[in-house]
*Asks:* 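Please read through the structure below; I'll follow up with questions.
We count residues from 1, following the sequence as given. What you see is a predicted model; the values in this text were computed from it and never measured.
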Amino acid sequence: MSGVTEMERVMSWIDIGTMDQIPPRGSRTVARPGQPDIAVFRTGDDHIFALVDLCPHKQGPLSQGIVHGHAVSCPLHNWNIALATGQAQAPDKGCTPTVPVRQEGGRILLGLSPALPAAA
């Protein structure tokens with residue numbers, strides 16, 4: 001399995017639908033019982049990203065923010081979070097965990113480990 005990390009081998013991949021089910025520059029959430037939701041974002045250029053749905057600032061729901069380029073603005077205080085890394089953009093500091101995501105046969109798959117950390 002070249003190009004696949006050990007972490008990717010042990011995680012569970014779940015099918016959450018197709019790209020057409022997420023509006024361009026929009027998002028949808030995936031609920032996880034007892035854990036924070038996951039926000040899945042579609043950019044204007046049709047890239048898919050996934051983050052824990054909590055802003056590192058005040059835990060705002062990133063899924064309700066505005067997607068611009070490859071970032072999302074938190075709806076509470078307008079912090080800009082990079083979708084690829086989960087990092088808050090300067091001058092703000094903090095990070096929300098990313099969630100592995102891939103597309104296969106037109107389907108979006110999320111890679112879930114038993115417990116993802118919360119935003120910090």
*Asks:* Verify, without hydrogens or angle tests, whether Arg28 (side chain) and Ile16 (backbone) share a donor-acceptor contact under 3.5 angstrom.
*Replies:*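 Such a contact is found between Arg28 side chain and Ile16 backbone.
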*Asks:* From Ile48 CD1 over to Leu109 CG, what is the distance, rounded to the nearest 0.5 angstrom?
*Replies:*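 Result: 11.5 Å between the selected atoms.
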*Asks:* Could you give the distance from CZ (Arg42) to NE2 (His47), rounded to the nearest 0.5 Å?
*Replies:*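 Rounded to the nearest 0.5 Å, the CZ-NE2 separation comes out at 12.0 Å.
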*Asks:* Should Phe41 and Val30 be regarded as members of a common hydrophobic cluster, given that ILVMFWY residues are connected when their side-chain heavy atoms come within less than 4.5 Å of each other, either directly or indirectly?
*Replies:* no
*Asks:* Is a donor on one side and an acceptor on the other found under 3.5 Å between the side chain of Thr98 and the backbone of Gly86?
*Replies:*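 Side chain of Thr98 to backbone of Gly86: no pair is present.
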*Asks:* With respect to Ser63, which candidate in Asp53, Asp37, Thr29 satisfies the side chain to side chain donor-acceptor pair (under 3.5 Å) definition?
*Replies:* Asp53
*Asks:* Can you confirm whether His68 sits close enough to Asn80 that some side-chain heavy atom of one is under 4.5 Å from a side-chain heavy atom of the other?
*Replies:*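 Side chain of His68 against side chain of Asn80, heavy atoms only: contact under 4.5 Å found.
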*Asks:* According to a 4.5 Å side-chain heavy-atom criterion applied to Ile, Leu, Val, Met, Phe, Trp and Tyr, with indirect links allowed, do Leu54 and Leu76 form part of one hydrophobic cluster?
*Replies:* no
*Asks:* When rounded to the nearest 0.5 angstrom, what is the spacing between NE2 in His77 and CG in Asp92?
*Replies:* 11.0 Å
*Asks:* Determine whether Pro56 and Ile81 make a side-chain contact, defined as any pair of heavy atoms from C-beta on separated by less than 4.5 Å.
*Replies:* yes
*Asks:* Can you find a heavy atom in the side chain of Cys74 that is under 4.5 Å from one in the side chain of Leu62?
*Replies:* yes
*Asks:* Donor-acceptor pair, Gln89 side chain versus Gln87 backbone, under 3.5 Å?
*Replies:* yes
*Asks:* Establish whether Val99 and Phe49 are linked, either directly or via other cluster members, by ILVMFWY side-chain heavy-atom contacts under 4.5 Å.
*Replies:* no
*Asks:* Does Thr43 use its side chain to pair, donor to acceptor, with the backbone of His70 at less than 3.5 Å?
*Replies:* no
*Asks:* Kindly check if the number of other-residue, nucleotide or ligand heavy atoms within 6.0 Å of CD1 (Ile66) is above 12?
*Replies:* no
*Asks:* Please name the pair of heavy atoms, one in Ser73 and one in Asn78, separated by the smallest distance, quoted to 0.1 Å.
*Replies:* CB-OD1, 3.4 Å
*Asks:* Please report the shortest heavy-atom distance between Gln103 and Ile108, naming the atom on each side.
*Replies:* CG-CG1, 4.3 Å
*Asks:* Please determine whether residues Ile38 and Val101 belong to a single hydrophobic cluster, defined as Ile, Leu, Val, Met, Phe, Trp and Tyr linked transitively by side-chain heavy-atom distances below 4.5 Å.
*Replies:*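 Per the 4.5 Å side-chain linkage, Ile38 and Val101 are co-clustered.
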*Asks:* In the single-linkage hydrophobic clustering (I, L, V, M, F, W, Y; side-chain heavy atoms under 4.5 Å), do Leu51 and Leu112 co-cluster?
*Replies:* no
*Asks:* Relative to each other, are the rings of His57 and Trp79 parallel, tilted or perpendicular (30° and 60° limits)?
*Replies:* parallel
*Asks:* Contact between Arg102 and Trp13 at the side-chain level, heavy atoms closer than 4.5 Å - yes or no?
*Replies:* yes
*Asks:* When you measure from the side chain of Arg107 to the backbone of Asp15, do you find a donor-acceptor pair of N or O atoms at a distance under 3.5 Å?
*Replies:* no
*Asks:* Do side-chain atoms of Arg32 reach the backbone of Pro36 as a donor and acceptor pair under 3.5 angstrom?
*Replies:* yes
